[in-house]
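Worksheet for the structure shown next.
Note: hydrogens, waters and symmetry copies are ignored here, and every other heavy atom, side chains too, is used. All residue numbers refer to positions in the sequence shown, counting from 1.
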Amino acid sequence: MMRMPRGGRLFLATCLGSLFVLVLYFQSINKPEPGLKTGSRSGKSRRGPLQTLYNGDEQPELVAAQKSLQGRREVLEEACLSHTRKRRVLSPDDLKHLIVDDKHSLIYCYVPKVACTNWKRVLMVLTSDGRYTDPLAIPANEAHVPGNLRTLSEFSVPEINLRLRSYLKFIFVREPFERLVSAYRNKFTRSYNTAFHKRYGTKIIRRHRPNPEPEALRQGNDVSFREFVQYLVDPRTQREEPFNEHWERVHSLCHPCLIHYDVVGKYETLEPDSQAVLRLAGVEGTLQFPTSGKSTRTDGNMAAGFFKHISPFYQKKLFSLYRMDFLLFNYSTPEYLRI
């Protein structure tokens, strides 16, 4: 039987009106509370994914997956203990990235540029009561429509508490600089992303390009990676507004040192980790996680090519900005950095 991590369980309590404060609550038992009953299609209750994970399972595939997932949880827990000092207040906005599936007792914190479109598609199938059956039949833009999936921020405080105690909470992460380069390529080098060009590109060019052409200031569609990096490390950027979710740090989106994630999946092992989650949810026989058909996926070699033109000064400042994501999720400092 797997033991409950030392971090115990997390409870939310009301604090100062509409704000929430996260309270760490230790319990001596290693069995998750039953919480909400998960209904199967036959109408009978079944063991939820959280109980399956921590109470052990004799399926060889689950046993192997559990060992790997336990190791990642322990690395994350140790990193949180070593590198975080303060307890902070969480607002409802902090819970907007946590998608809830009441039917299968799942909470998923989505991270853009880490297969979140496909995970949203999967969750739309799981929560649709038959309306959707094939994740890939759901258009990508529909997967991101607000309201198609419920987030934890929409529930009352007691309902939030109950779900955090009783549901399997999972997250998928990626090597931070590969994710960052992927975000840059998608949002600033694709002609169809005019909204990002207008919203961010024009500001970046105005602030970080000497003597810009009037057309560039109007369109914002030719931002270089160097200009993007300068924008990210500029102290004025975060003073004016939060980072966009596509380049916001994972620890700021999902708060992994405040919310205990039972499963930390990785983009580098996306398929087996995703199948492990579906197996824990009891749907692996009826639903397959979509495989990526991209032939130009951003990897370490591609990221190295982009960083080749970034000075050591800016490389160091950028690494400092994303350092916590490297530490929390056990990613090594890239060898191509000159810092």
Side-chain angles (χ1 to χ4, degrees), residues 93 96-97 110-118 120 139-146 173-254 267 292 294-325 334 336-337:
D93 281 347
K96 286 186 174 179
H97 272 248
Y110 75 89
V111 179
K113 308 312 299 177
V114 193
C116 79
T117 300
N118 280 341
K120 286 181 177 181
N141 63 323
E142 188 173 341
H144 298 295
V145 172
V173 299
R174 184 178 186 177
E175 200 279 342
F177 282 172
E178 291 176 25
R179 175 177 171 248
L180 188 65
V181 170
S182 178
Y184 166 76
R185 291 178 63 218
N186 179 254
K187 300 307 176 187
F188 294 106
T189 71
R190 304 286 191 266
S191 59
Y192 55 78
N193 267 323
T194 54
F196 271 81
H197 301 160
K198 295 285 188 180
R199 173 74 176 80
Y200 296 100
T202 54
K203 178 188 292 187
I204 292 171
I205 291 170
R206 183 168 62 252
R207 183 167 288 177
H208 299 288
R209 182 180 299 179
N211 305 313
E213 296 291 332
E215 181 70 9
L217 287 173
R218 279 196 302 271
Q219 300 296 331
N221 60 357
D222 64 344
V223 172
S224 70
F225 185 65
R226 181 174 57 186
E227 291 167 338
F228 178 54
V229 170
Q230 290 174 327
Y231 162 77
L232 292 174
V233 302
D234 187 336
R236 293 173 293 181
T237 299
Q238 289 192 78
R239 282 203 302 265
E240 292 172 355
E241 61 181 346
F243 275 170
N244 180 275
E245 63 177 13
H246 291 85
W247 48 84
E248 179 61 279
R249 287 70 52 91
V250 177
H251 74 271
S252 295
L253 291 175
C254 296
Y267 190 73
S292 174
K294 293 180 181 178
S295 58
T296 56
R297 191 169 74 174
T298 304
D299 58 14
N301 290 332
M302 184 180 291
F306 277 85
F307 274 86
K308 182 169 63 176
H309 305 290
I310 305 301
S311 71
F313 173 79
Y314 281 110
Q315 287 185 7
K316 186 174 182 179
K317 290 178 78 69
L318 192 69
F319 183 78
S320 177
L321 194 62
Y322 288 86
R323 177 174 173 268
M324 281 299 293
D325 280 0
Y336 55 76
L337 291 186

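Rounding to the nearest 0.5 Å places CD of Q230 at 11.5 Å from CG of L318. In this structure, Y200 OH and H246 NE2 are separated by 9.5 Å, a value rounded to the nearest 0.5 Å. Considering NE2 of H197 and CZ of R190, their distance stands at 9.5 Å, rounded to 0.5 Å.
The closest donor-acceptor contact from the side chain of N193 to the backbone of N186 lies under 3.5 Å. Side-chain N or O atoms of K198 include one that pairs as donor or acceptor with a backbone N or O of R218 at under 3.5 Å. Side-chain N or O atoms of R206 include none that pairs as donor or acceptor with a backbone N or O of L217 at under 3.5 Å.
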Report task. Please assess R179 against K113 for the test side-chain contact (heavy atoms from CB on, under 4.5 Å), listing each intermediate value before the final yes or no. Result -> CA-CA 6 Å; R179 175 177 171 248; K113 308 312 299 177; 3.8 Å; yes
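Counted by atom type alone, Y336 and Q315 present zero donor-acceptor pairs between their side chains at under 3.5 Å.
Between D222 and R209 there is a salt bridge, since a side-chain N of the basic residue sits under 4.0 Å from a carboxylate O of the acidic one. Salt bridge status for E248 with K96: absent, with no side-chain N to carboxylate O gap under 4.0 Å.
Enclosure of atom NZ in K316 is not indicated, since only 12 or fewer non-hydrogen atoms of other residues, nucleotides or ligands lie within 6.0 angstrom. In this structure, E213 places its CD atom where only 12 or fewer heavy-atom neighbours from other residues, nucleotides or ligands lie under 6.0 Å away.
The shortest non-hydrogen separation linking R236 to D234 is NH2-OD2, 2.7 Å. The two residues V111 and C116 make their nearest non-hydrogen contact at O-CB, 3.5 Å.
A parallel orientation is assigned to the rings of Y231 and F228, their planes being inclined by less than 30° (bins at 30° and 60°). The aromatic rings of F188 and F196 sit perpendicular to each other, their planes meeting at more than 60°, with 30° as the lower class boundary.
Shown are W247, F225, F307; of these, the ring pair (Phe, Tyr, Trp, His ring centres under 6.0 Å) with F177 is made only by F307.
With Y110 as the aromatic partner, K120 meets the cation-pi criteria of under 6.0 angstrom to the ring centre and within 45 degrees of the ring axis.
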